[in-house]
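Reviewing the structure listed below.
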Amino acid sequence: MNFAFTAEQLGFAAAVRDVLRDRCDPSDRLSCWKELAELGLFGALVPEESGGLGLSLTDLVPAIEETGRAAMPGPVVETLVAGPYAGVVGAPRVSLLVDGLALDADLADLIVDVAGPSIVSVRLEPRRAVDQGRQPFAATVVDELRVLEAPAADLVRKATVGVSAQLIGVARELLARSVAYAKARTQFGRPIGAFQAVKHQLADVAIAVEFAAPLVYRAALSADNAALSADRAAYSADGKDTGAPVGLSRPDRDVSAAKVAAGEAAALAARTALQVHGAIGYTAELDLRFWLARTWSLSAAYGTTAEHRTRFRQAVFGS
Amino acid sequence: MDLDFTPAEQAFRAEVRDWLADHVPSRLPSMDTREGFEAHREWEALLAGARLSVVSWPEEHGGRAASPIEWLIFEEEYWASGAPARVSQNGIFLLAPTLFAFGTPAQQARFLGRMARAEDVWAQAWSEPEAGSDLAALTSRASRVDGGWLLHGRKTWSSRAAFASHGFGLFRTSDTRHHGLTYFLFPLEDVTVRPIAQLDGTHGFAELLFDGVFVPDDLVLGEPGQGWKIAMATTSSERGLTLRSPGRFLATAERLVALARDADPALRDRAARCLIDAEAYRLHTFGAVRGELGATTSMGKVFWSELDLRMHALAMDLLGPAAAETPWFDGYLFSLAGPIYAGTNEIQRNIIAERVLGLPR
């Protein structure tokens, strides 16, 4: 048992972080896409024999966190998880069609209908976006172009883990920005971060993120293991889960736990960031708005926090 | 990254599980009564006989030199089996790490084995009426005499002290705030012990009155004046892994889920959410045991104490008036103390804000 990331996994994330820090503009929907494609990010899950990096989702979680930390726009997670099935290597972008909505479909080179799964051509109608970096479209399938050898559950599960990892990254950045602001902003002759009421709110955010992140790491492991052996009944070798799972399969339960915890941590980070920044945080004059918006859009993606809370409860209780 | 255990770890888990299944006593009386205290000591002596009372210790002192992962496995099985809280916990989890790090070989040989077998039960004597979480404000003094020291002053909130045989604590040996403290070990026989009734009426803690109690030099732990440094090493273990292992919260969450099985969906949602948090704490600990704990132990302390409170408050909601008849009520009372002891959660949040986040004091 080794519940820690390797130097290679962290190194890849650091490389992604360096690119994002230097070049990412959260208001430019294709920001950094080409540079990260050159690093191999978008083919990371594609097997090496098909020209990808042959990594697992677990390998990639720290790098995905970085895309959240940078509020990187565009269909990052969608391209990553659909890549291995659609044969995407390099710079192309993929959108996933789920429940009639396709995110960033106007930027996508191909659209995968998760219900198939298949590559489809669609008619698009833009919908109001809460987040300028994740533009949703109502999509009507016009034609099915190619059926994919992909379990739909695997696509959705990995996309959910991906956005959960991004939510962790978003929460970390919101916390970092709030801390920096609390050190710089003075009131009553002191930095506001010296006041215990402010300190305690920020400490609570740090705690929420600290304990949500390991659930996302486990969900990535579970999603990887489920893909390797979809019919394995009992998930882990921890000696406790030897019985058949109740309700949802164990991987789905782990994924829902991750989405709930990451969604709640990010929501707390966002709410606290706004409170700490005060009125200026409520305006469009600060970049903070990109991370606030990303919290809202990712929290709603692939099942809301509330939906996953219900799914987890059903997995535990059977109803 | 993986969550698979080695065959040796799985075999250890199976051995522990089987032994506990055969030996765990049915519910013992509260350890904070005379009768319960003796029953708990007997249970821990039985545990020690199977070399399961201090699995992480070296073999020469009664342990198995278990790795941190094995220790976590032991704790999961211990709490899942329904075994009782440890009457020796202050000695084993708070004093022993300090004895291993700072004690002389003679002190280790004299105390560790007896502690492992619950022959000596230790009480922590740190807090004072005017110094709770602020240890540097301690005023109890030790004055130098031939061959040792005389202890004067008053300590309070000393858990298990009503029935314990020994105590360990900090006394002021000079006036410099942090560098004037010395760490003493002492038998309780010459100390006046005044039990304090807790919310549940039992004497879980006591006040200790020192009126020139003589302590020989060989019961000073570490160097005189080094008490603060030594104590900080011990509070880190109190706030960290050792006091509240993930196995306990996981076992509570699983029992809570069983308790909530027929409840309405809103209550079941709360139980399920507690299970997510218990799993988070377990996973976080698996990640943390390999690295330095440092100030992240403060995050764990706030997290587990509030989770424990949330779980027991939910049990009260689920059980209603019947709660008082069940062990859940005792657990609820104990969980209320979680955010207070081992450094209040307010102090912990300050530590997180200042040392982890770098906010100004």
Side-chain angles (χ1 to χ4, degrees), chain A residues 1-6 9 56 58-59 61 175-176 178-179 182-183 190-196 198-208 210-215 217-218 220-222 225 235-240 254 256-258 260-261 264 309-310 312-319, chain B residues 1-6 9-10 13-14 17 69 72-73 76-77 80 250 254 257 260-263 265 268-273 275-277 279-291 296 298-300 302-303 306-307 345-346 348-354 356-361:
Chain A
M1 209 264 282
N2 183 3
F3 201 64
F5 289 108
T6 64
Q9 290 162 342
S56 67
T58 306
D59 293 327
V61 160
L175 177 60
S178 305
V179 166
K183 286 185 193 174
R190 305 165 71 189
I192 60 169
F195 292 102
Q196 216 173 52
V198 174
K199 280 182 178 168
H200 288 191
Q201 289 187 53
L202 292 170
D204 281 335
V205 174
I207 293 167
E210 180 84 4
F211 287 91
L215 290 164
Y217 307 156
R218 180 184 65 181
L221 275 176
S222 296
N225 289 344
Y235 147 71
S236 88
D238 69 6
K240 287 187 107 67
D254 290 346
S256 286
V260 169
E264 289 184 0
R309 207 184 281 121
T310 301
F312 184 87
R313 185 242 295 159
Q314 289 169 341
V316 169
F317 287 100
S319 66
Chain B
M1 176 176 283
D2 69 70
L3 283 167
D4 299 327
F5 294 100
T6 65
E9 287 164 346
Q10 286 172 311
R13 185 189 288 281
R17 181 181 295 185
I69 297 290
L72 290 168
I73 289 172
E76 284 180 13
E77 293 301 325
L250 201 58
E254 283 169 357
V257 163
R261 192 151 295 285
D262 299 319
R268 276 184 288 147
D269 264 351
R270 282 168 63 192
R273 189 66 188 78
L275 186 57
I276 291 178
D277 282 342
E279 289 179 353
Y281 184 60
R282 174 179 188 254
L283 293 167
H284 183 269
T285 306
F286 279 137
V289 288
R290 285 166 193 280
T296 63
S298 290
M299 297 210 216
V302 175
F303 190 81
E306 296 194 343
L307 168 61
N345 284 10
E346 287 74 17
Q348 304 302 339
R349 286 187 168 92
N350 286 352
I351 292 173
I352 295 161
E354 289 161 17
V356 180
L357 302 178
L359 289 167
R361 288 180 65 89

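In what follows, chains are A, B, ... by sequence order, proteins preceding strands, each numbered from 1. In what follows, every heavy atom counts, from backbone to side chain, and hydrogens, waters and symmetry copies are set aside. These numbers were taken from a predicted model, which means no experiment stands behind them.
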Scored by heavy-atom pairs under 4.5 Å with chain B, the best of A:Thr6, A:Leu202, A:Thr310, A:Val198 is A:Leu202

Decide yes or no for B:Leu275 and A:Phe312: does some side-chain heavy atom of the first lie under 4.5 Å from some side-chain heavy atom of the second?
yes

Sub-4.5 Å side-chain heavy-atom contact between A:Tyr217 and B:Leu283:
no

Side chain, backbone, both or neither: which part of B:Ala260 has an atom under 4.5 Å from a heavy atom of chain A?
both

Can you tell me how far apart NZ (A:Lys199) and CG (B:Leu359) are? Round to the nearest 0.5 Å.
7.0 Å

Contact winner vs chain B - A:Ala206, A:Ala261, A:Ala208, heavy-atom pairs under 4.5 Å
A:Ala206

Side chain proximity check, B:Arg273 to A:Val260, heavy atoms < 4.5 angstrom:
yes

What are the two closest heavy atoms between B:Ala280 and A:Phe211, and how far apart are they?
CB-O, 3.2 Å

I need the residue from B:Arg261, B:Glu279, B:Glu346, B:Glu9 with the largest number of non-hydrogen atom pairs under 4.5 Å to chain A.
B:Glu279

Considering only heavy atoms from C-beta outward, does the side chain of B:Asp2 approach that of A:Thr58 to under 4.5 Å?
no

Which pair of non-hydrogen atoms, one from A:Ala203 and one from B:Leu357, has the smallest distance, and what is that distance?
N-CD1, 4.1 Å

Nearest heavy-atom contact between B:Leu3 and A:Phe3 is CD2-CD1, 3.5 Å

Using non-hydrogen atoms and a 4.5 Å limit, figure out which bit of B:Glu354 sits close to chain A: side chain, backbone, both or neither.
side chain

Within the structure provided, determine whether A:Ile207 and B:Met299 are in side-chain contact (heavy-atom separation under 4.5 Å).
yes

Heavy atoms of A:Arg313 and B:Pro265 approach each other most closely as NH2-CB, 3.7 Å

Count the heavy-atom pairs under 4.5 Å between each of B:Glu306, B:Met1, B:Arg361 and chain A, then report the option with the highest count.
B:Met1

For the pair B:Arg349 and A:Asp204, evaluate salt bridge (Lys or Arg N to Asp or Glu O under 4.0 Å) and give the outcome as yes or no after the intermediate values.
CA-CA 8 Å; B:Arg349 286 187 168 92; A:Asp204 281 335; 2.7 Å; yes

In this structure, OH of B:Tyr281 is separated from CD of A:Glu210 (nearest 0.5 Å) by 11.5 Å

Enter the distance from B:Gln10:CD to A:Met1:CE here, rounded to the nearest 0.5 Å.
11.5 Å

One pair to check against side chain to side chain donor-acceptor pair (under 3.5 Å): A:His200 and B:Asn350. What are the steps and the verdict?
CA-CA 7 Å; A:His200 288 191; B:Asn350 286 352; 2.7 Å; yes

